[in-house]
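Since the model is a prediction, treat every value here as computed from it, not as a measurement. All values below were derived from every heavy atom in this structure, side-chain atoms included, with hydrogens, water molecules and symmetry-related copies excluded.
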Amino acid sequence: MQSRRKLRFRLIVSFALFGFGLSALFAVAALNVRAKVEDQLVTASLQDEVDNLNAQVRADPTQIPHFNIVKAWTWSDRTIYKAPLNWQQLGTGVHDIAETGADGQVKRYKLAVRRQDGVISFLRYDVSRDELGKRQLLISVIGAVFLFGLLSLVLGLWLSRKVLKPVSELANRLRDFRKAGKAEPLAPHFADDEVGELAHALDEYSARLTAMVERDREFNSDVSHELRTPLAVIASTTELLQGSPDLTEKLSERLKRIERASRQATELIEALLLLSRAERRGPTRGETTEVGKVAADVIESQRPQMRGKPLTIDLTVNEQVSINAPASVLSVALTNLIGNAIKYTLEGSVRVEVGQGRIEVIDTGPGIKPEDAERLFQRGVRGEGAGGSGAGLGLAIVRRLCELYGWDVSMRPRNDANGAVASIVFG
């Protein structure tokens with residue numbers, strides 16, 4: 001995975017590298033130009049002086065010129081053997097030579113030679129002093145490169161802070177909006193530049209998002225009102241019909257099913273409204289929800305789904321578990337888990353266990369694959385078996401409700417037999 005760096009860090013590094021590289025390039029170019037110009041000047045000076053020496057000797061051999069910075073020798077063709085051996089074959093021009101001095105150190109010289117009319121002139125210039133000057137210049141240039149590199153780093157720090165200050169201010173204002181829960185226009189606080197354009201675009205996006213949220217809130221309120229009213233009518237009418245003296249047992253059972261269905265629909269509407277608003281609501285003050293009681297009610301409401309299958313469903317409460325959440329939320333979650341267990345299990349048993357801060361639904365159905373356990377909680381994913389029916393949206397709703405209240409819901413295959421285990425661990 002590639003490391004992610006902040007924009008300010010990248011700007012500082014880029015500016016420092018640019019300054020350091022430019023300084024180093026300028027230093028290398030200066031050293032090369034200095035060496036080339038120096039070599040040309042020394043060569044031209046030596047050539048002029050050796051020509052002048054040769055001309056003086058030819059004009060008056062009795063006078064020997066004197067030089068302050070160079071040493072000169074002049075011989076004729078007959079006395080050339082007096083010159084050093086490695087000089088005797090050199091032609092007219094300037095040559096680079098190296099000789100070992102009396103102290104045993106090798107010294108470098110430039111030797112100018114002039115041969116004309118039987119007179120041979122040698123002019124030697126010690127360039128060892130120039131080597132010391134070059135080293136000093138090189139040290140100075142390296143120091144200047146590091147100095148300019150440090151200045152570039154400091155300038156990069158200052159410029160990055162200056163350039164990114166509007167971006168940081170924009171991010172801080174967005175964080176303040178999240179804390180306050182109310183969005184205000186951003187564009188008036190920024191100049192008419194790139195950051196200002198970004199702030200203007202964010203304002204437009206915020207306006208569209210706010211309008212969409214308002215439409216959703218109004219829709220949720222309308223749906224809540226319009227659906228709860230007929231459900232309340234169904235519940236009250238069912239209650240009145242159950243009080244009729246001439247009610248048969250079969251009709252009474254059907255009315256109870258209608259009552260349970262209307263109650264489940266009311267609870268589902270309440271849970272979905274909580275999800276749509278991302279609103280976590282607990283029970284009334286001083287009230288808690290008993291998990292075992294809600295599980296018993298859900299089991300009774302789901303018994304008609306057994307439809308004569310050779311199936312038993314049992315509830316075991318090992319210890320009382322109380323939660324700070326509405327009973328309707330827990331009822332919706334357990335209805336999906338227990339309903340799926342009944343739907344998948346063609347024969348055998350469904351066992352609901354409560355205790356140790358959790359509730360588990362254990363069935364003897366076909367089971368699930370370990371790799372499919374997490375996928376079943378995804379929206380629109382259906383399990384296999386039970387005639388092709390599956391979880392659909394039910395388990396996705398359960399996952400969202402559990403995340404809203406900080407619960408951990410999961411499914412896993414049984415280890416001791418065929419079947420699956422669905423569990424909710426209450427936080």
Trainee: Is the shortest side-chain heavy-atom distance between Trp407 and Arg399 below 4.5 Å?
Mentor: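 Trp407 vs Arg399: side chains apart.
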
Trainee: Any idea which heavy atoms bring Ser301 and Pro304 closest together, and the distance?
Mentor: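 Heavy atoms only, the tightest pair is O-CD, 3.4 Å.
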
Trainee: Does Gln356 reach the side chain of Asn318, with side-chain heavy atoms less than 4.5 Å apart?
Mentor: no

Trainee: Val298 and Ser331: which non-hydrogen atoms are nearest, and at how many Å?
Mentor: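 Closest heavy-atom pair between Val298 and Ser331: CG2-OG, 3.7 Å.
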
Trainee: What residues form a ring-ring contact (aromatic ring centres under 6.0 Å, His included) with Phe146, not counting sequence neighbours?
Mentor: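 With neighbours one apart ignored, the set is Phe20.
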
Trainee: With a 4.5 Å heavy-atom cut-off, do Asn324 and Tyr405 have their side chains touching?
Mentor: no

Trainee: Measuring only between side-chain heavy atoms, which start at C-beta, is Ile313 closer than 4.5 Å to Ile342?
Mentor: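 Of all side-chain heavy-atom pairs linking Ile342 with Ile313, at least one is under 4.5 Å.
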
Trainee: Between Gly292 and Leu315, which heavy-atom pair has the shortest distance, and what is it?
Mentor: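 Nearest pair, atom of Gly292 first, then Leu315: O-CD2, 3.8 Å.
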
Trainee: Do Val421 and Met411 have side chains that approach each other closer than 4.5 Å (heavy atoms only, starting at C-beta)?
Mentor: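 Answer no - side chains too far apart.
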
Trainee: Glu290 and Ser322: which non-hydrogen atoms are nearest, and at how many Å?
Mentor: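 Heavy atoms of Glu290 and Ser322 come nearest at OE2-OG, 2.9 Å.
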
Trainee: Passes side-chain contact (heavy atoms from CB on, under 4.5 Å), Met306 versus Lys343? Steps please.
Mentor: CA-CA 8 Å; Met306 297 170 61; Lys343 184 186 302 181; over 6 Å; no

Trainee: If we check salt bridge (Lys or Arg N to Asp or Glu O under 4.0 Å) with Glu360, which of these qualifies: Arg414, Arg351, Arg412?
Mentor: Arg412

Trainee: Considering non-hydrogen atoms only, spot the tightest contact between Leu395 and Phe377 and give its length.
Mentor: O-CD2, 3.5 Å

Trainee: Thinking salt bridges, do Glu319 and Arg358 make one under a 4.0 Å N-O criterion?
Mentor: no

Trainee: Check salt bridge (charged side-chain N to carboxylate O under 4.0 Å, His left out) between Glu300 and all other residues, then give those that pass, not counting sequence neighbours.
Mentor: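 By the salt bridge (charged side-chain N to carboxylate O under 4.0 Å, His left out) rule, Glu300 matches Arg303.
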
